[in-house]
Amino acid sequence: MSENEAPQGKRALAQIESDLQKAEEAFVDADNRLKEAERDRHTALDTINKHQMEFDEAVTELRQRSIPESKWRLQPGETKAPLVLQSENIAENVNVSGRPNLTSVTADKSVAAEFKRLRVCAQINGGDVSQM
């Protein structure tokens, strides 16, 4: 056996060192990719949170502008409940003519009473109520 040959089953020190350097380079590369992926993940989560807050604000505004008796409008003192629009919510808001009601029954009655009051006032004052 010469000096350059390693005993059977053993690797040369230079080969071990070369493999160790390759493994270290692979580790550094993987570590850098992991750090970059963590930064990308953090950025993506921040973006998701930002859009979720925008969505929550839009839903809150829609809840405030919704029909007062609707099932998804928040009542005073309520916390944010899940937004669920069921078929009966839609059915309640369609009148006999098939046109959607844009107000609640209470608001509709209130407006009708106000128009009736205005007609009476106009008749008393001699106004033309045919345009009302």
#### Entry: side chain to side chain donor-acceptor pair (under 3.5 Å) against E36, all qualifying residues, sequence neighbours excluded
none
Enumerate, atom names and distances included, each donor-acceptor pair closer than 3.5 Å involving a side-chain atom of residues 40-54, sequence neighbours excluded.
unit_1 : atom_1 : unit_2 : atom_2 : d
H42    : NE2    : D46    : OD2    : 3.3
T43    : OG1    : R39    : O      : 3.0
T47    : OG1    : T43    : O      : 3.0
N49    : ND2    : L45    : O      : 3.3
H51    : ND1    : E54    : OE1    : 3.1
Q52    : NE2    : D56    : OD1    : 2.9

#### Entry: side-chain hydrogen bond (donor to acceptor under 3.5 Å, both in side chains) contacts touching residues 21-33 (sequence neighbours left out)
D29-R33, D31-K35
### Message
If the condition is side-chain contact (heavy atoms from CB on, under 4.5 Å), which residues does E114 pass it with, not counting sequence neighbours?
### Response
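Partners of E114 by the side-chain contact (heavy atoms from CB on, under 4.5 Å) criterion, ordered by chain and then number, come out as R117, L118.
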